[in-house]
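Since the structure comes first, as structure tokens, the remarks are kept for the end.
Predicted model only: the values in this text are computed from it and were never measured.
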Amino acid sequence: MVLCLALVGINGMVIYRGGNIQEFQLNLIRTLPTQFWINIFTASLKIVSLLMLVKLSIPVLHRGIDQVCNYAKKIDQIKANDESIEAFFRVLKRIIAHTLWISSAILCAKFLYLPEVFPKYIYVVLKIYITISVGLLIVKAVATIVDTLDALSLKYSSSNNLLSLYERLRHLIPLFKKCLEYVLYVGIVNLVVPEIEPIAWISSYTPTIVQIIGVFFISNVLVEVVYFILDEFYLKTTDVNDSQQQKRLTLIPLMRSFAKYFVYFTAGVTILKLIGIDPAPILAGAGIVGIAVGLGAQNLINDVVCGFLILFENYYLVGDYVEVGKLEERNIEGVVEAIELRTTHVRHPDGQLQIIRNGDIGSIINYSKQYIYARVELSVSYDSNLDHVYRVVEKVGQQLKADEQDILEPTRVAGIEHFGENHLLLLTLTKVKPGKHLHIQRLLRKILKDAFNQEEIEICGFSKN
């Protein structure tokens, strides 16, 4: 293409000067020695033969690589790593093809006796390409090895060996592969950049980048190890009662948060030191800013302090049924789902999630301490035989206690709660386990209605407290 463009340019100059193109070209050909044309013909023959050889050999090499790929997938009998094996050999085929073509370009330049600068720069390009390609090939090979080990670990893991720990931390494998891939990329850059003088200074920063990637990965591993230790050795112990287990369920999220923030804070300080920044002035400035912000964030501080008091005074735990809020406007009730530093999450019996600031908790009614009474009010007419009514209620209570394990004492009639215009309001109490009162109330109302219908006791209506 370059020669054709040069020829067009020369012919254009000849035409511009008014010369004869045919005569000019014939004179030019006569001035060239015979050896030149022999060299051109020989070089062309060599180039065509070389390119044809490369063109024909690449499909054969690809077929051989495909056979090796299929053999590699069959020999380990693991399906999980087939995709990574295919990716490895796909990259290998592309690298071999490109390397052959670039090497052919270098040989072609030598066949044509071009100036040494052309083969030199093509050789530099080939060296850079091979370095990058081998690095990518190593990345794919590492991914294949990791996927294979992952599949083998899952295949032979059980609760009785150390591989169970690997299964617990298995979700870190994608992060490990990604970090290792970045480290290999940095290594490739460190090998390639020195070949390019204008940007050779970048290679001096590659060790720091590798260290930062290592700190990032190790910090994530430490967080997961702390989570594992908390779950295995603090939460899953069997020699604790229900109350202690419930308290541990409450403290686990808080301990996880503290551990995560501590590890990430330490990792951030370490990274600042690696890049040559002294973290002490930054931390001192952050402390001053924190004091200034704290003076204007008294509600935030109040919420955090109240959260600590709730946890350490054991006012309520995750799973407790509570009613909280200011005494004059108490409207938050339900099961505690989470206790955070600033807020408490309460799930209402109707299903909605209520989030209240710890500083606004106010007075607390905890229905989950030791026991609670399931209160059921029922209305009977003034003509009813109260002794008979009491006996029916007590009989129902005895039967209900035998059927339900959550009942601590059978149902009893506390007495007449209210004199209505056309009915008497009776109050019944059933001592039940904490948090079970709503279920027992609903169940008791149904059984009482069936029993009253059977005993022909007139029911004026049920009311719910």
Exercise: identify the closest heavy-atom pair between Ala97 and His62: CB-NE2, 4.2 Å

Flag side-chain contact, heavy atom, 4.5 Å: Val221 against Glu224: no

Approximate separation, where rounding is to 0.5 Å, of Asn366 CG and Glu323 CD: 11.0 Å

Heavy-atom side-chain contact between Val322 and Ile365 under 4.5 Å: no

Ile407 side, atom CD1; Lys431 side, atom NZ - distance, nearest 0.5 Å: 13.0 Å

Heavy-atom donor-acceptor pair, Glu404 side chain to Ile440 backbone, under 3.5 Å: no

Side chain proximity check, Thr430 to Leu444, heavy atoms < 4.5 angstrom: yes

Nearest-0.5 Å distance that lies between atom OG1 in Thr266 and atom CD1 in Ile271: 11.0 Å

Side chain to side chain contact (heavy atoms under 4.5 Å, CB included) between Asn70 and Gln67, worked out: CA-CA 5 Å; Asn70 294 329; Gln67 293 177 357; 5.5 Å; no

Distance, nearest 0.5 Å, that separates CG of Leu61 from CG of Leu56: 11.0 Å

Derivation of the side chain to side chain contact (heavy atoms under 4.5 Å, CB included) call for Val346 and Val335: CA-CA 5 Å; Val346 180; Val335 178; over 6 Å; no

Straight-line distance of Leu400 CG to Leu443 CG, nearest 0.5 Å: 5.5 Å

pair Lys433-Leu408: side-chain heavy atoms closer than 4.5 Å: yes

Asn358-Thr343 side chain donor-acceptor pair, cut-off 3.5 Å: no

Summary of salt bridge (charged side-chain N to carboxylate O under 4.0 Å, His left out) pairs that have at least one residue in residues 40-61, sequence neighbours excluded: none

Intermediate values then yes/no, side chain to side chain contact (heavy atoms under 4.5 Å, CB included), Leu107 and Ser103: CA-CA 6 Å; Leu107 292 177; Ser103 302; 5.7 Å; no

Asp66/Arg63 salt bridge by N-O under 4.0 Å criterion: no

Reported CG-to-CD1 distance for the pair Asp320 and Ile364, which is rounded to 0.5 angstrom: 10.5 Å

Any Ile213 side-chain heavy atom under 4.5 Å of Phe217 side chain: no

Criterion side chain to side chain contact (heavy atoms under 4.5 Å, CB included) on His348 and Glu333, from CA distance to verdict: CA-CA 6 Å; His348 193 273; Glu333 70 170 298; 4.0 Å; yes

Positive for side-chain contact (heavy atoms from CB on, under 4.5 Å) with Leu100, one of Ile58, Ile95, Leu53: Ile58

For Lys260 against Val223, the heavy-atom pair lying closest together: CA-CG2, 4.2 Å

Taking every non-hydrogen atom, the tightest pair across Val318 and Ala338: CG2-CA, 4.2 Å

Sub-4.5 Å side-chain heavy-atom contact between Tyr316 and Thr344: yes

Residue pair Ile209 / Tyr182, side-chain heavy-atom distance below 4.5 Å: no

Closest approach of Ser104 to Val54 (non-hydrogen atoms, all atoms of both residues): OG-CG2, 3.1 Å

Non-hydrogen side-chain atoms of Tyr321 and Val336 separated by less than 4.5 Å: no

Any pair counted as side-chain hydrogen bond (donor to acceptor under 3.5 Å, both in side chains), so long as it reaches residues 207-222, sequence neighbours left out: Asn220-Tyr264

